[in-house]
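Below is one structure, written out as structure tokens; the observations come after it.
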Amino acid sequence: MKHNQLCYRPTFIEVDLNAIRYNFLQIRKHVGKDTAILVPIKANAYGHGMLETCETLVRSGVDYLGAGTVDEAVFLRRNGFRKIPILMLGSVLRSAVEPIISNNITQTVGDMRLARAVDKSAGKMGKKAKVHIKIDTGMGRIGIWHEDAMGLISKISKLNNVKIEGIFSHFPSADEDSLLTHKQIKDFLSLLQNVNKTGIDIKYRHMANSMAVVDYKSSHMNLIRPGLMVYGLSPRIGAFSDKIHLIPALSLKSKIVFIKDVPPGRKISYGGTHITNSHTRVATIPIGYGDGLNRRLSNKGKVLVRGKRALIIGMVCMDQFMLDISHIDSAKIGDEVVIIGKQNKLSISVEEMAQLSDTIPYEVVCWLDKRIARKYILLKK
Ligand SMILES: *Cc1c(COP(=O)(O)O)cnc(C)c1O
């Protein structure tokens, strides 16, 4: 176990790097060794810690990393990740082009404005900059509409200091709209055919996020971009069950720091949204929305104490929340509280917590603040 910051408080995140490696290798087995794998490590590797996650992935044989911001990409370059290809998944302003090229980061490009800026800067530096062209087949975000893409691709291919290394598109609804998803695949493949006819050779062609990795084989092409599943998570409860076995890598734990007997009729926490209706044992846990624990879990969320589920009562505060432990006689100060993860035979999943807080698993883990120390279970052997 390795800590990456101060941890005098009893609240911490535990990330099992062995699970991340296991999930990555499961995906590798699923798609075969001829499909390259790019893993998005944006937003602190979905809350898991960027450097530790990237080190694990590189050691497991990842082909490409995907950054969400220029700063993330440059941060990786400055922290020892000098060789591994990094794709900056978003678009950037001209002011970011120079650091991108000098740090050997592959840039996503969806118009001539950025393509020309990349060409110009690369020329000045005497480099050939790699880009991936972003095609919009239905996401409605960055990228050129697929119907208009041929002209752009041909123009970029003529720039002297730019190399088109990849071309890609993205799914907005691979987990819920198969009609749209199939249409996107069809449109992208037909564009690729037209590109082929012009003789422009593009090394990487990619579309697949996690959901498409398991559900849309025709979208794999020769590179996939699984994020969520590498961390052992799925877009909703059970989305991957029976399709691929994954292990959630992240647990969130704390300890009881205070216990009090509360008579009936007393209000608990801000706004008094919970009123005790009988004699209640109330425990206080030192983690709150200031750590990224969603306030919507107030009066709803459950956590594990002594192998039993206990209900969050009253509003979640910034640094603390309260728990009804009346049914757990033996509970005492210092007992472990599992907010995400396993305890004895029970577990609380990120997916379950997302559903309760009316959001998606992505947001649950991204919100987990840097204030919470990360502890790592290091790779075995
Ligand atoms: C984040 C991201 C992914 C990964 O999506 P998951 O659903 O986490 O697998 C893939 N492609 C792009 C462009 C992304 O930004």
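Position 1 is the first residue of the sequence, and the numbers go up from there. Whatever order the structure lists ligands and atoms in, that order sets their numbers, starting from 1. What you are looking at is a predicted structure, and each value in this text was computed from that prediction instead of being measured.
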Quiz item: Among pairs that include at least one residue of residues 102-112, which meet salt bridge (Lys or Arg N to Asp or Glu O under 4.0 Å), considering only residues two or more places apart or in two chains?
Solution: Asp111-Arg113
Quiz item: Quick one: are the ring centres of His245 and Phe240 less than 6.0 Å apart?
Solution: no
Quiz item: Do the rings of His206 and Phe168 sit parallel, tilted or perpendicular, given the 30° and 60° boundaries?
Solution: parallel
Quiz item: Is the Tyr216 ring parallel, tilted or perpendicular to the His182 ring (thresholds 30°, 60°)?
Solution: perpendicular
Exercise. Scan for side chain to side chain donor-acceptor pair (under 3.5 Å) pairs involving residues 269-281, sequence neighbours excluded, and state none if there are none.
Key: Thr273-Asn299
Write out each pair where an N or O from ligand 1 and one from the protein are under 3.5 Å apart, with the distance.
unit_1: ligand 1; atom_1: 7 (O); unit_2: Tyr362; atom_2: OH; d: 2.5
unit_1: ligand 1; atom_1: 8 (O); unit_2: Tyr46; atom_2: OH; d: 2.7
unit_1: ligand 1; atom_1: 8 (O); unit_2: Leu228; atom_2: N; d: 2.8
unit_1: ligand 1; atom_1: 9 (O); unit_2: Ser210; atom_2: N; d: 2.8
unit_1: ligand 1; atom_1: 9 (O); unit_2: Ser210; atom_2: OG; d: 2.5
unit_1: ligand 1; atom_1: 9 (O); unit_2: Gly227; atom_2: N; d: 2.8
unit_1: ligand 1; atom_1: 11 (N); unit_2: His170; atom_2: ND1; d: 3.4
unit_1: ligand 1; atom_1: 11 (N); unit_2: Arg225; atom_2: NE; d: 2.8
unit_1: ligand 1; atom_1: 11 (N); unit_2: Arg225; atom_2: NH2; d: 3.3
unit_1: ligand 1; atom_1: 15 (O); unit_2: Lys42; atom_2: NZ; d: 2.6

Practice problem: Mind jotting down which residue pairs meet the salt bridge (Lys or Arg N to Asp or Glu O under 4.0 Å) criterion with at least one end in residues 301-310? Sequence neighbours excluded, please. | Solution: Arg306-Asp335, Arg309-Glu352
